[in-house]
Protein chains: 2
Amino acid sequence: MSEHFSGKKAAEIVGITYRQLDYWARTDLVRPSLADATGSGSRRRYSYRDLLELKVVKTLLDSGIKLESVREAFSYLRDHLGEDIASAQLIISGGSAILVRDDDELIDVLKRGQGVMTNLLSLGGVQKEVDDAIVHLRPADAAAGKLAVAPAKAQKAAPRPRRAASGG
Amino acid sequence: MSEHFSGKKAAEIVGITYRQLDYWARTDLVRPSLADATGSGSRRRYSYRDLLELKVVKTLLDSGIKLESVREAFSYLRDHLGEDIASAQLIISGGSAILVRDDDELIDVLKRGQGVMTNLLSLGGVQKEVDDAIVHLRPADAAAGKLAVAPAKAQKAAPRPRRAASGG
DNA sequence: CGCTGAAACTACGCCGGTGTGGTACGCCCA
DNA sequence: TGGGCGTACCACACCGGCGTAGTTTCAGCG
């Protein structure tokens with residue numbers, strides 16, 4: 001029933017316009033992994049994991065990153081991001097990106113990157129925001145706590161929906 | 001003779017197109033502080049300090065930051081950036097920006113910013129790059145070391161030389 | 001099995017940030 | 001004071017990333 005999210009819901013939850021969601025899907029940035037659009041009238045179905053990705057994109061945009069850079073960062077993210085999202089730190093710099101799990105490691109990377117611009121994002125916070133938004137936008141029944149569990153599971157069970165990314 | 005830089009030279013040194021330099025000057029992002037344009041045929045004169053600002057902008061752009069965010073960051077930078085450029089770390093996040101001088105302070109800020117995107121730049125490296133570029137593009141006479149002094153002064157005038165620009 | 005509403009699609013426009021190319025104007029030197 | 005050259009200016013175009021409006025088509029219901 002509610003393991004998936006419609007396009008509109010997804011947009012609401014992560015705080016973007018439908019137009020953005022649509023554009024990102026078409027241009028291969030974040031596609032619904034449960035059900036892609038198959039023409040006019042069909043329906044996209046976003047997974048919880050997709051919401052996380054959408055939220056990361058939005059967060060990056062809000063912080064002043066160009067969409068182009070976000071695309072490049074994501075080609076890296078998809079390969080290296082496992083289930084343990086909350087504890088990871090994402091660092092992007094131009095076209096490159098790095099994932100860091102440990103705080104000390106993070107500091108190390110920062111010091112090494114002298115002179116080079118570095119963009120940093122704590123993924124744990126992103127996940128929390130999405131969870132909160134889902135609960136807030138819940139139509140009553142889910143407020144019963146059902147979905148408060150599902151997200152935790154979703155990140156563990158999520159297989160990797162691989163789509164053909166066309167170049168970058 | 002060489003305390004200032006023409007528009008074209010400035011663009012060369014920092015590695016941007018003249019069109020960008022022109023656009024940025026017109027739109028009030030980085031203006032030549034020694035002599036602004038007063039109409040067609042006039043000449044802009046950039047100071048060394050201006051070069052640093054230009055280079056910071058370019059570095060931010062290269063790292064994937066939107067020009068709009070750069071503008072906002074600079075309105076903060078101009079107020080708070082003193083002489084001690086080399087030891088400062090610039091952190092921007094969307095519209096806000098922070099300057100950090102100390103490494104521990106930096107780490108503190110990063111941890112505090114859980115979930116919020118953070119963009120980080122070490123200004124010391126930027127200065128070094130500019131200095132190198134100036135030397136490399138020198139037409140002989142300046143290679144005599146005249147200008148190698150002026151930049152050095154800028155960073156030495158600082159009250160506390162915390163971290164030398166050697167790292168990078 | 002047909003209706004209907006929602007969501008995907010299409011077409012068009014806008015704006016910021018630049019590339020290109022041509023023009024006009026000062027600055028410097030003779 | 002005039003000539004040449006460097007440079008600012010101007011007009012035009014383009015492209016990405018959307019907003020807006022209108023159209024098409026499917027999903028799900030009765």
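Since the model is a prediction, treat every value here as computed from it, not as a measurement. Letters A, B, ... are given to chains in the order of the sequence lines, protein chains preceding strands, and every chain is numbered from 1.
Arg26(B) pairs by the salt bridge (charged side-chain N to carboxylate O under 4.0 Å, His left out) definition with Asp22(B), not counting sequence neighbours. Remark: Ala97(B) pairs with Ala73(B), Tyr76(B), Leu90(B), Ile92(B) by the side-chain contact (heavy atoms from CB on, under 4.5 Å) rule, at least two apart or across chains. Remark: Tyr23(A) pairs with no residue by the ring-ring contact (aromatic ring centres under 6.0 Å, His included) rule, at least two apart or across chains. Residues forming a side-chain contact (heavy atoms from CB on, under 4.5 Å) with Thr17(A) (at least two apart in sequence, or on another chain): Arg19(A), Gln20(A). Ser6(A) is linked by a side-chain contact (heavy atoms from CB on, under 4.5 Å) to Lys8(A), Lys9(A), counting only residues two or more places apart in sequence or in another chain.
One atom, CD of Gln20(A), and another, P of dG16(D), lie 17 Å apart when rounded to the nearest Å. The separation between His4(B) atom NE2 and dC27(C) atom C1' is 12 Å, rounded to whole Å. To the nearest angstrom, P of dG16(D) lies 13 Å from NZ of Lys66(A). Between the P atom of dG16(C) and the CD atom of Glu68(B) lies a distance of 10 Å, rounded to the nearest Å. Rounding to whole angstrom units, CZ of residue Arg71(B) and P of dG16(C) are separated by 10 Å. Taking atom CG of Asp22(A) as the reference point, atom C1' of dA6(C) lies 14 Å away to the nearest angstrom. One can place NZ of Lys58(A) at 11 Å from P of dC18(D), the figure rounded to the nearest angstrom. One can place CD1 of Ile65(A) at 14 Å from P of dG17(D), the figure rounded to the nearest angstrom.
Using a 4.0 Å heavy-atom distance criterion, Leu21(A) is classed as making no nucleic acid contact. Heavy atoms of Lys8(B) sit under 4.0 angstrom from primed sugar atoms or phosphate atoms, though from no base atom. When heavy atoms are screened at a 4.0 angstrom cut-off, Thr17(A) is found touching the sugar-phosphate backbone but no base atom.
Sorted pairs that involve residues 55-75 of chain B and meet ring pair (Phe, Tyr, Trp, His ring centres under 6.0 Å), not counting sequence neighbours, are lacking altogether. Pairs engaging residues 62-73 of chain B under the salt bridge (charged side-chain N to carboxylate O under 4.0 Å, His left out) rule: Lys58(B)-Asp62(B) [sequence neighbours left out].
Applying the 4.0 Å criterion to OP1 and OP2 of dC12(C), one finds that Arg19(A) has every side-chain N and O outside that range. Listed pair Trp24(A) / dG17(D) fails the phosphate criterion, with no side-chain N or O lying under 4.0 Å from OP1 or OP2. One finds no side-chain N or O of Tyr23(A) lying less than 4.0 angstrom from the OP1 or OP2 phosphate oxygen of dC18(D).
A donor-acceptor contact shorter than 3.5 Å links the side chain of Thr59(A) to the backbone of Lys55(A).
A donor and an acceptor atom, one from each side chain of Tyr48(B) and Gln127(B), are located under 3.5 Å apart.
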Determine, stepwise, if the pair Ser93(B) / Ser63(A) fulfils side chain to side chain donor-acceptor pair (under 3.5 Å). CA-CA 5 Å; Ser93(B) 179; Ser63(A) 77; 5.7 Å; no
Under 3.5 Å between N/O atoms: give me all the protein pairs with nucleotides 13-15 of chain C, atom names plus distance.
none

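Residues from residues 36-47 of chain B placing a heavy atom under 4.0 Å of any atom in DNA chain D, listed by number, are Ala37(B), Gly39(B), Ser40(B), Gly41(B), Ser42(B), Arg43(B), Arg44(B).
For Leu61(B), the listed nucleotide lying nearest its side chain is dT18(C); candidates were dC9(D), dT18(C), dC18(D).
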